[in-house]
Amino acid sequence: DYGSKIPLQQLRRGQGLYSIAWGFLYPTGFDGTPNLGASLRVKLWKYQEPTRMQLAQAEGMGIRTGYGRIPDIYLQFLSSRRVPFGGFLHLAIFPRMKPDVTEGATRPSSVFHAETS
């Protein structure tokens, strides 16, 4: 999204990406069947930067965000103060068969390797 109201500091921190909303999809429905092949609606919530209090509480519960372990958005999922974004994301998930392994052309990975095709 382009606009004059997007904070430049957050664009830099996100390497050009700016978080506006998030949603959560359970892998199974309420009746226990997998959410595959059906059209689904995922409720969107407004993204909010985690506060120092949330980060301290998470640390006290043994949840370490960042460092590639648990994303910060997990704290918003746990929070009771979620703010609705005012929309839904419509999506469908379909199973996919594992592709067969075939020999193909390879690109050299260093100057000492030769390309095969």
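In this pair, Trp22 and Phe77 present their aromatic rings perpendicular. The plane angle is above 60°, beyond the 30 to 60° band.
Among residues at least two apart or in separate chains, salt bridge (charged side-chain N to carboxylate O under 4.0 Å, His left out) pairs with a member in residues 45-58 are Arg13-Glu49.
A heavy-atom distance below 4.5 Å is found between the side chains of Tyr47 and Ile73. In this structure the side chain of Asn35 never reaches within 4.5 angstrom of the side chain of Thr28, judged on heavy atoms.
Residues Tyr74 and Phe24 are members of one and the same hydrophobic cluster, defined by side-chain heavy-atom contacts under 4.5 angstrom among Ile, Leu, Val, Met, Phe, Trp and Tyr.
Looking at residues two or more places apart in sequence or on another chain, you find no side-chain hydrogen bond (donor to acceptor under 3.5 Å, both in side chains) involving Trp45. Under the rule for a side-chain hydrogen bond (donor to acceptor under 3.5 Å, both in side chains), the partners of Thr33 that lie at least two apart in sequence or sit in another chain are Asp31. Looking at residues two or more places apart in sequence or on another chain, you find a side-chain contact (heavy atoms from CB on, under 4.5 Å) between Leu44 and Ala21, Phe85, Leu89. By the side-chain hydrogen bond (donor to acceptor under 3.5 Å, both in side chains) test, Gln48 pairs with no residue at all, sequence neighbours left out. Residues passing the ring pair (Phe, Tyr, Trp, His ring centres under 6.0 Å) test with Phe30: none are found, sequence neighbours excluded.
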Q: Start with the C-alpha distance between Val42 and Leu91, add both sets of side-chain angles, then the distance that settles side-chain contact (heavy atoms from CB on, under 4.5 Å), and finish with yes or no.
A: CA-CA 8 Å; Val42 176; Leu91 59 98; 3.8 Å; yes

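Distance check: Arg41 CZ to Leu25 CG gives 13.5 Å after rounding to the nearest 0.5 Å.
Around the OH atom of Tyr26, the shell of radius 6.0 Å holds no more than 12 heavy atoms that belong to other residues, nucleotides or ligands.
Listed here is the closest heavy atom pair of Ser39 and Ala92: CA-CB, 4.5 Å.
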